[in-house]
Amino acid sequence: MGSVIDYLENSAELFPKSIAVSDGFGSMDYGTFRRIVYGVASILEKMGHSHAPVGVYSQRRAAAVAAMLGCAASGNHYVPLNPEVPAAKTKKILRHAKIRLILGFSENEYDGAEEGCVYMRLDPDRMPESGKKPCAKLSEHDTLYIIYTSGSTGEPKGIRKSHGAVMDFIEAYVKELGFSGDEVIGNQTPFCFDASAKDIYLALKTGARLEIIPSEMFVFPVKLIEYLNDRNISFISWVPSALAIVARLRTFRDILPTTLKRVAFVGEVFPLKDLAVWREALPGIEYINLYGSSEIAGIAALYRIPAGETLPAVLPIGKPLSNSRIFLMNDGNFSSDQGEMLIASGALADEYIYDGEKTAQTFEYLDIDGISTRVLHTGDRARYDENGDLVFLSRNDAQIKYKGYRIELGEIEAAAEELPFILSACCLYNSLRERITLFCTTDRAELKLRDLNEALSSRLADYMLPKKLVILESMPLNANGKKDRTYLKTLL
């Protein structure tokens, strides 16, 4: 299978003058991009740095993508580090991943010196270049990157992804959605969020253009749409919160995207009322619900929303990509009805680094059709609908037993977000007080629990109605753009 650097080689040979990656500061064509990637790789080779993690500490910039791929081309693997998170969290990652070298782009960045790191500052406007291919012999089994996620504990955990896992996903992704070199991909997700890898390696495989949209654009939706139009962006794969902002601020009354052809969303449930705003304003484009997790490269399933049809009450996850199989398991037995989703795929991550116990709990070998098959326990519960599509129910840890009933907190949350006066909602359970709490943002001047539950009573059983309501000025989001449930648990 080779490595993702083969994608770079192929695209640079076929499309040397086509733009590979662009940001708010400038752009690089594929020929230049390859030389810069090899320039970074040559520096690492001269340092004798090999088969080791390299931290890439940067905002979302084109130069950072080149630095990450330079690490890969040299036989090392990169670890994206986010300058926007507290230094204390970065220190934990450096210590846990045993990083000794950091590549960065600013004199003001945390340099990791107290953790024994060497900090190498690169000039994003004068990146090193080399016309010589690195000496490293790469295979599909080599580590490409390590992504860190806090999970429910708040402690960072490193997940190792190989070249082969990423390529296994990308090949199926391109085949499923028919991507080509004409695509202009509008990146929104931070590089420390695994979803960004889909954008990077999709572009690299097809010779498409990766357009890194400046983060500040998402604060001003009209300017954001202007940017999409100016840069001819045709495909976006964003977290629902970014898409929801555009809908809720009624952006489409002022301006419409003119070059967008497909909109995908990943990471959380996209509130149907916000999706409806997009579909009403832009009925001629395709909408795709993607499903994946940090423990798999890319995604494992998707649902293409039929054009012109009424949205279902719950948006399906859909069906697996061609490289994946998904099974439902309930109480240790495979189920044809509902249960935890188990994924078998060549795109599975290798491990949680330095955590054999967690790896063994999450990845398991099962006998499937007489073959020992490695599967991922996702922790996500799902069911099949009448069309054979998977429909998300909740996280395992979001299913509670309350007053003798099994309740999916995700169902309560989704019902609340469908109310016209609820902008965003998050439902949590306080097991000590045996109390269901709904956190929400609203456009009502004053909202009482009884008013909320009266509106929910036609959608939920009485025993599912929240017992406490907390109104927030804004829904807290973590670094990945998802609802920050870890923080909200501290408010229970």
Side-chain angles (χ1 to χ4, degrees), residues 168-179 185 189 194-195 197-199 202 235-240 243-244 261-276 278-279 282-283 285-330 334-348 375-396 398 408 410-411 413-414 417-418 482:
D168 187 84
F169 156 66
I170 288 293
E171 297 294 328
Y173 194 41
V174 170
K175 178 181 178 182
E176 177 71 32
L177 294 180
F179 292 111
I185 304 161
T189 51
D194 204 44
K198 296 197 314 301
D199 295 338
L202 170 59
F235 173 68
I236 57 176
S237 176
W238 294 355
V239 294
L243 294 166
K261 296 177 181 176
R262 284 187 280 197
V263 173
F265 34 96
V266 66
E268 283 191 317
V269 176
F270 192 6
L272 292 181
K273 62 185 178 186
D274 297 321
L275 174 56
W278 276 82
R279 294 181 81 215
L282 302 164
I285 66 177
E286 184 177 24
Y287 297 90
I288 311 166
N289 187 22
L290 307 180
Y291 172 79
S293 78
S294 297
E295 290 79 10
I296 186 170
I299 62 167
L302 60 79
Y303 177 72
R304 302 167 94 154
I305 300 171
E309 293 188 11
T310 303
L311 289 172
V314 179
L315 202 61
I317 290 170
K319 294 182 174 66
L321 289 182
S322 60
N323 69 323
S324 301
R325 290 180 293 165
I326 299 179
F327 308 92
L328 300 184
M329 180 168 280
N330 211 10
F334 289 112
S335 171
S336 59
D337 180 22
Q338 64 174 274
E340 181 190 8
M341 287 193 290
L342 274 58
I343 300 175
S345 173
L348 296 187
V375 299
L376 163 68
H377 287 265
T378 65
D380 291 332
R381 296 184 59 79
R383 63 174 175 83
Y384 290 108
D385 67 11
E386 63 277 7
N387 298 316
D389 287 313
L390 287 161
V391 178
F392 176 78
L393 293 174
S394 72
R395 291 286 301 167
N396 271 344
E408 305 284 358
E411 185 178 350
E413 192 172 301
E417 289 192 328
E418 286 309 300
K482 296 182 180 181

Worksheet entry | Exercise: identify the closest heavy-atom pair between Leu202 and Ile170 | N-CD1, 3.6 Å
Discussion item. When you compare the side chain of Lys198 with that of Val266, does any pair of heavy atoms fall below 4.5 Å?
Written reply: yes
Fill in: Interatomic spacing from CD1 in Ile299 to CG in Asp194 - rounded to 0.5 Å
12.0 Å
Response to the item:
What one should report as the nearest heavy-atom pair of Asp389 and Pro316 is CB-CB, 3.9 Å
Worksheet item: Less than 4.5 Å apart, any side-chain heavy atom of Leu243 and any of Pro240?
Response: no
Discussion item. To the closest 0.5 Å, what do you measure between CG (Asp168) and CG (Asn323)?
Written reply: 4.5 Å
Worksheet item: Should Lys319 and Glu176 count as an ion pair when the cut-off is N to O under 4.0 Å?
Response: no
Discussion item. Using side-chain heavy atoms (C-beta onward) and a distance below 4.5 Å, is Tyr287 in contact with Leu315?
Written reply: no
Worksheet entry | Main-chain N/O of Asn387 paired to Asp385 side chain as donor or acceptor, under 3.5 Å | yes
Practice prompt. Look only at the side chain of Glu418 and the backbone of Leu272, and say whether a donor-acceptor pair between them is shorter than 3.5 Å.
Written response: yes
Item to complete: With sequence neighbours excluded, tell me which residues meet salt bridge (charged side-chain N to carboxylate O under 4.0 Å, His left out) with Arg381.
Response: Glu408
Worksheet entry | Shortest non-hydrogen separation from Arg262 to Ile285 and the atoms involved | N-CB, 4.5 Å
Worksheet entry | Member of Leu275, Val263, Val239 meeting the side chain to side chain contact (heavy atoms under 4.5 Å, CB included) criterion with Phe270 | Leu275
Worksheet item: Side chains of Tyr303 and Ile305: does their closest heavy-atom pair fall under 4.5 Å?
Response: yes
Fill in: Non-hydrogen side-chain atoms of Leu390 and Leu328 separated by less than 4.5 Å
yes
Practice prompt. Check whether any side-chain heavy atom of Glu417 sits under 4.5 Å from a side-chain heavy atom of Asp274, and report yes or no.
Written response: no
Worksheet item: How many angstroms lie between atom CD1 of Ile343 and atom CD1 of Ile326, to the nearest 0.5 angstrom?
Response: 5.0 Å
Discussion item. So Tyr291 and Asp380, do their side chains get closer than 4.5 Å, heavy atoms only?
Written reply: yes
Worksheet entry | Met341 versus Thr378, closest heavy-atom pair with distance | O-OG1, 2.7 Å
Worksheet entry | Ring centres under 6.0 angstrom apart (Phe179, Phe235) | yes
Discussion item. For a quick test of reading the model, state the closest non-hydrogen atom pair linking Arg279 to Pro306 and the distance between them.
Written reply: NH2-O, 3.1 Å
Worksheet item: At what distance, to the nearest 0.5 angstrom, does CG of Leu290 lie from CG of Leu177?
Response: 7.5 Å
Worksheet entry | Over all atoms of both residues, closest heavy-atom pair of Gly379 and Glu340 | N-OE2, 2.8 Å
Practice prompt. Calculate, to the nearest 0.5 Å, the distance between atoms CG and OG belonging to Leu376 and Ser294 respectively.
Written response: 10.0 Å
Discussion item. If you count every heavy atom of other residues, nucleotides or ligands that lies below 6.0 Å from Lys261 atom NZ, does the total exceed 12?
Written reply: no
